[in-house]
Enquirer: 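Sharing a structure below in structure tokens format, with a few things to ask.
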Amino acid sequence: MGNIVKERKSRPVNLDIKTIRFPITAIASIMHRVAGVITFVSIAILLWLLSLSLSSPSGFETASAIVDSFFVKFVLWGILTALAYHIVGGIRHLMQDIGYFEELESGAKSAQVAFALTGVLSVLAGILVW
């Protein structure tokens, strides 16, 4: 057997997080996943609140008092915003699955539209919550 030495290929290493720039399509995809996790976790909170409110008249009063605080309203607004983005991003992904917005330029535009539409839905959710 001969003496075979494998040569290491030098790969670029970028460890400075401040210089890493993701394209908007990557950000949209990551945010869709984050919004899905938030939505999944929030189901437990919302089901608990629903169960409490339906348990008895005093349970309804307790749930109503919980929802009246600013912090809980802010959390509910965040949940609704995450749900809105997850739905909008899901529709965007479905459209890509059937062949639309697959090119780099149209994919970036669809991500921008998804963010803008989520912004509008977020304002509407804020109006609904407050």
Enquirer: Could you walk me through whether Trp48 and Ile66 pass side-chain contact (heavy atoms from CB on, under 4.5 Å), step by step?
Expert: CA-CA 12 Å; Trp48 172 75; Ile66 290 171; 3.6 Å; yes
Enquirer: If you group Ile, Leu, Val, Met, Phe, Trp and Tyr whenever their side-chain heavy atoms sit less than 4.5 Å apart, what else falls in with Phe60?
Expert: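 Answer for Phe60: none, a lone residue.
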Enquirer: Rounded to the nearest 0.5 Å, what's the gap from CZ on Phe101 to CE on Met95? Could you check?
Expert: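 Here the rounded value is 4.0 Å.
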Enquirer: Quick one: does Thr39's side chain get under 4.5 Å of Ile79's, heavy atoms only?
Expert: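 Answer no - side chains too far apart.
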Enquirer: Locate the shortest heavy-atom distance separating Ala111 from Ala28; write the atom from each residue and the value.
Expert: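 Heavy atoms of Ala111 and Ala28 come nearest at CB-CB, 3.8 Å.
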Enquirer: Under the side-chain contact (heavy atoms from CB on, under 4.5 Å) rule, collect the residues that match up with Leu121, sequence neighbours excluded.
Expert: Ala84, Val88, Leu117, Leu124
Enquirer: Measuring from Ile45:CD1 to Leu50:CG, what's the distance to the nearest 0.5 Å?
Expert: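 Nearest 0.5 Å value for the CD1-CG distance: 13.5 Å.
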Enquirer: Just wondering, do Thr118 and Ile87 contact through their side chains at under 4.5 Å, heavy atoms?
Expert: no
Enquirer: My understanding is that only residues two or more places apart in sequence, or in another chain, count here; which of them pass ring-ring contact (aromatic ring centres under 6.0 Å, His included) with Phe22?
Expert: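 Per chain and number, Phe22 pairs via ring-ring contact (aromatic ring centres under 6.0 Å, His included) with no residue.
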Enquirer: Tell me every residue that passes ring-ring contact (aromatic ring centres under 6.0 Å, His included) with His32, counting only those two or more places apart in sequence or in another chain.
Expert: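 With neighbours one apart ignored, the set is His86, His93.
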Enquirer: With clusters built from Ile, Leu, Val, Met, Phe, Trp and Tyr whose side-chain heavy atoms come within less than 4.5 Å, directly or transitively, what are the remaining members of the cluster of Leu94, listed by chain and number?
Expert: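 Members alongside Leu94: none; it stands by itself.
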Enquirer: So if you build clusters from Ile, Leu, Val, Met, Phe, Trp, Tyr with side-chain heavy-atom gaps below 4.5 Å, do Leu46 and Val67 land together?
Expert: yes
Enquirer: Report the residues that fulfil side-chain contact (heavy atoms from CB on, under 4.5 Å) with Ile43, sequence neighbours left out, ordered by chain and then residue number.
Expert: Leu47
Enquirer: To the nearest 0.5 Å, how far apart are CG in Leu83 and OG in Ser42?
Expert: 7.5 Å
Enquirer: Side-chain heavy atoms under 4.5 Å apart, restricted to Ile/Leu/Val/Met/Phe/Trp/Tyr: what other residues fall into the cluster of Leu104, or is it alone?
Expert: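 Reading the cluster by chain and number, Leu104 sits alone, since nothing else belongs.
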Enquirer: Considering residues at least two apart in sequence or located in another chain, which fulfil the side-chain contact (heavy atoms from CB on, under 4.5 Å) criterion with Val113?
Expert: none
Enquirer: Give every residue pair that meets the side chain to side chain donor-acceptor pair (under 3.5 Å) criterion with at least one member in residues 98-117, sequence neighbours excluded.
Expert: Arg92-Ser110, Glu103-Ser106
Enquirer: Which pairs with one or both residues in residues 59-77 pass side chain to side chain donor-acceptor pair (under 3.5 Å), sequence neighbours excluded?
Expert: Trp77-Ser122
Enquirer: Quick one: ring-ring contact (aromatic ring centres under 6.0 Å, His included) partners of Phe115, sequence neighbours excluded?
Expert: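 Per chain and number, Phe115 pairs via ring-ring contact (aromatic ring centres under 6.0 Å, His included) with Tyr85.
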Enquirer: So, using side-chain contact (heavy atoms from CB on, under 4.5 Å) as the criterion, who are the partners of Val123 when residues are at least two apart?
Expert: Ile127
